[in-house]
Amino acid sequence: MIDNLPLFHAVRDRPVLVLGRGEAALAKRRLVERAGGLVIDDFREGLLRGARLAFIAHEEEELATRDARRARGAGLLVNVTDRPSLCDFTVPSILDRTPVLVAFGTGGASAGLAKHLRLRLETLLPQSLGKLAAALRDARGALRSRWPSAADRRRAIDAALTAGGPLDPLREDSADKVADWLSGTVQEQARGLFEIALTSLDPDDLTLRQARLIGEADTLACEPGIPESLLVRARADAVRQGIENGAAVEADAGLTVVMRAPKG
């Protein structure tokens with residue numbers, strides 16, 4: 001179970017209430033403006049203009065608590081700087097590869113930890129990632145024409161985006177290959193049946209290849225005892241099926257991944 005539901009909230013050209021003074025309030029103002037929102041710094045005006053989000057950045061705890069209660073009572077979702085217990089939502093650390101956004105959140109536990117996780121991944125995700133996302137967005141019509149079936153389309157995209165695939169997201173030149181991939185001049189990786197022999201039931205012990213296969217699987221065939229902490233690595237729409245220990249599995253269309261329980 002997760003403690004928070006991650007959401008991306010569209011605020012472009014919409015009013016957002018930001019109350020407070022000082023560096024914390026300025027930071028929230030810059031964040032709202034960066035997302036295209038209209039900053040409103042007066043409570044009554046914010047309500048009249050239909051604000052649905054409120055950032056409270058008062059240094060005084062009593063004032064912050066009062067305005068948080070007022071805003072929540074008026075139906076707004078509230079974020080209060082440095083006071084997680086008063087928040088309806090928290091603000092993640094954002095890795096920007098627009099239109100790709102990667103958000104790191106700790107539920108208010110440690111903003112510093114979220115920031116350093118983002119900084120680590122900044123060095124891994126190329127700037128061209130946004131260009132690749134835009135190219136795939138613009139290719140939606142062509143994708144539907146080549147693969148009319150949603151299932152076939154999903155499998156084709158999964159094969160292309162896999163590590164080492166023709167559109168591997170970690171390659172700087174992947175965005176430039178979308179047209180060639182759609183035309184069929186770039187070879188796609190084969191699908192089929194793969195087995196994962198687990199050495200542990202700890203998700204942290206998965207190899208990168210195992211984690212990738214689980215995340216891409218169309219069908220996940222699991223021996224008894226595989227915990228949910230591993231199964232959640234799969235897509236929500238992946239077919240799950242149980243198998244007996246040691247039982248053979250036949251591959252369906254797409255990618256079938258068999259997860260074998262640790263021995264002993």
Side-chain angles (χ1 to χ4, degrees), residues 6-12 27 30-31 33-36 91-106 111-192 194 196 203-218 232-238 254-255 257:
L7 301 171
F8 287 90
H9 200 102
V11 300
R12 184 169 299 280
R30 287 193 294 266
L31 179 66
E33 292 174 341
R34 182 179 173 189
V91 179
S93 184
I94 300 170
L95 195 163
D96 185 1
R97 298 290 187 270
T98 301
V100 176
L101 297 176
V102 183
F104 299 88
T106 63
L113 174 59
K115 179 182 72 174
H116 281 278
L117 288 173
R118 172 182 61 80
L119 291 174
R120 292 284 184 91
L121 277 192
E122 281 276 7
T123 63
L124 297 177
L125 300 182
Q127 292 293 332
S128 60
L129 194 58
K131 184 180 177 183
L132 174 60
L136 289 171
R137 177 194 61 207
D138 296 342
R140 283 174 179 169
L143 282 165
R144 291 192 182 95
S145 295
R146 182 170 181 191
W147 295 286
S149 163
D152 290 342
R153 199 159 54 242
R154 185 188 67 239
R155 284 192 286 268
I157 293 173
D158 279 349
L161 293 173
T162 192
L167 302 183
D168 185 338
L170 298 189
R171 290 179 56 96
E172 290 280 357
D173 60 348
S174 289
D176 300 325
K177 295 181 178 180
V178 172
D180 289 339
W181 169 66
L182 282 169
S183 69
T185 58
V186 175
Q187 184 64 38
E188 298 172 21
Q189 290 191 345
R191 313 300 277 168
F194 293 85
I196 294 176
D204 289 339
D205 290 335
L206 290 172
T207 67
L208 291 176
R209 181 175 183 273
Q210 289 171 339
R212 175 178 59 79
L213 286 171
I214 293 171
E216 294 174 2
D218 299 294
V232 295
R233 298 294 186 97
R235 300 196 322 261
D237 62 346
L255 174 62
V257 175

**Q** What closest approach, in Å, do Gln210 and Asp205 show between heavy atoms, and which atom pair accounts for it?
**A**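 Gln210 and Asp205 have their closest heavy atoms at OE1-O, 4.3 Å.
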**Q** Please check this pair: side chain of Thr185 against backbone of Asp180, looking for a donor-acceptor N/O pair closer than 3.5 Å.
**A**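 Side chain of Thr185 to backbone of Asp180: a pair is present.
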**Q** Going from CG on Leu161 to CZ on Arg212, what distance comes out if it is rounded to the nearest 0.5 angstrom?
**A**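 Atom-to-atom, Leu161:CG and Arg212:CZ are 11.5 Å apart.
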**Q** Checking the side chain of Thr162 only, and the main-chain atoms of Gly165 only, is there a donor and an acceptor separated by less than 3.5 Å?
**A**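 Looks like no, no N/O pair under 3.5 Å.
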**Q** Taking all non-hydrogen atoms of both residues into account, name the closest pair between Ala156 and Trp181 and its distance.
**A**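 It is O-CZ2, 3.5 Å.
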**Q** Looking at Arg144, is its backbone amide N or carbonyl O close enough to the side chain of Arg153 to form a donor-acceptor pair, meaning the two atoms are under 3.5 Å apart?
**A**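 No; judged by distance alone, with no hydrogens or angles, the pair does not exist.
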**Q** Hey, are the side chains of Leu124 and Leu170 touching, using non-hydrogen atoms and a 4.5 Å cut-off?
**A**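 No, their side chains stay 4.5 Å or more apart.
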**Q** For Ser145 and Gly141, indicate whether the former's side chain and the latter's backbone hold a donor-acceptor pair under 3.5 Å.
**A**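 Side chain of Ser145 to backbone of Gly141: a pair is present.
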**Q** Quick one: closest heavy-atom pair of Ser174 and Pro166, and the distance?
**A**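 Residues Ser174 and Pro166, closest heavy atoms: OG-O, 4.3 Å.
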**Q** For a quick test of reading the model, state the closest non-hydrogen atom pair linking Arg235 to Ala217 and the distance between them.
**A**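 That closest heavy-atom pairing would be NH1-O, 3.1 Å.
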**Q** Would you name the heavy atoms of Ala139 and Leu182 that are closest together and state the gap between them?
**A**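 Reported closest heavy-atom pair: CB-CD1, 3.7 Å.
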**Q** Using atom types as modelled and distance alone, determine if a side-chain donor or acceptor of Arg97 lies under 3.5 Å from a backbone N or O of Glu122.
**A**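 Yes; judged by distance alone, with no hydrogens or angles, the pair exists.
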**Q** Atom CZ in Arg120, atom CG in Leu95: separation rounded to 0.5 Å?
**A**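 Spacing of CZ (Arg120) from CG (Leu95) equals 14.0 Å.
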**Q** About how many Å separate CG of Leu143 and CD1 of Ile157, when rounded to the nearest 0.5 Å?
**A**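 Those atoms lie 5.0 Å apart.
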**Q** Please determine if Arg154 and Glu216 form a salt bridge, counting it only when a charged side-chain N lies under 4.0 Å from a carboxylate O.
**A**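 The answer is no: the pair does not qualify as a salt bridge.
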**Q** Within a radius of less than 6.0 Å around CZ of Arg171, do more than 12 heavy atoms belonging to other residues, nucleotides or ligands occur?
**A**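 No, because the 6.0 Å sphere around CZ of Arg171 holds 12 heavy atoms or fewer from other groups.
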**Q** Taking all non-hydrogen atoms of both residues, which atom of Ala175 and which atom of Ala135 are closest, and how far apart?
**A**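 Closest approach of Ala175 to Ala135, heavy atoms only: O-CB, 4.2 Å.
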**Q** Just checking Arg140: does its CZ atom have more than 12 heavy atoms from other residues, nucleotides or ligands closer to it than 6.0 angstrom?
**A**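 No, CZ of Arg140 has 12 or fewer neighbouring heavy atoms, counting only those of other groups under 6.0 Å.
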**Q** Once rounded to the nearest 0.5 Å, what's the spacing between atom CG of Leu167 and atom CG of Asp158?
**A**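 Rounded to the nearest 0.5 Å, the CG-CG separation comes out at 11.5 Å.
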**Q** Just so I know, are the side chains of Ile94 and Leu31 near enough to count as touching, which here means a heavy-atom distance under 4.5 Å?
**A**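 Contact flag for Ile94/Leu31 side chains = yes.
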**Q** Answer yes when Arg146 and Asp152 have at least one side-chain N-carboxylate O distance shorter than 4.0 Å, and no when they do not.
**A**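 Salt bridge between Arg146 and Asp152, a charged N being under 4.0 Å from a carboxylate O: no.
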**Q** Say you draw a straight line from CG of Asp96 to CG of Leu125; how long is it, rounded to the nearest 0.5 Å?
**A**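 Here the rounded value is 11.5 Å.
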**Q** With the side chain counted from C-beta on, respond yes when Leu206 and Ile214 share a heavy-atom pair under 4.5 Å apart, and no when they do not.
**A**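 Sidechains of Ile214 and Leu206: in contact.
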**Q** Nearest 0.5 Å, what's the NZ-OG distance between Lys115 and Ser93?
**A**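 Reported to 0.5 Å precision, the distance equals 8.5 Å.
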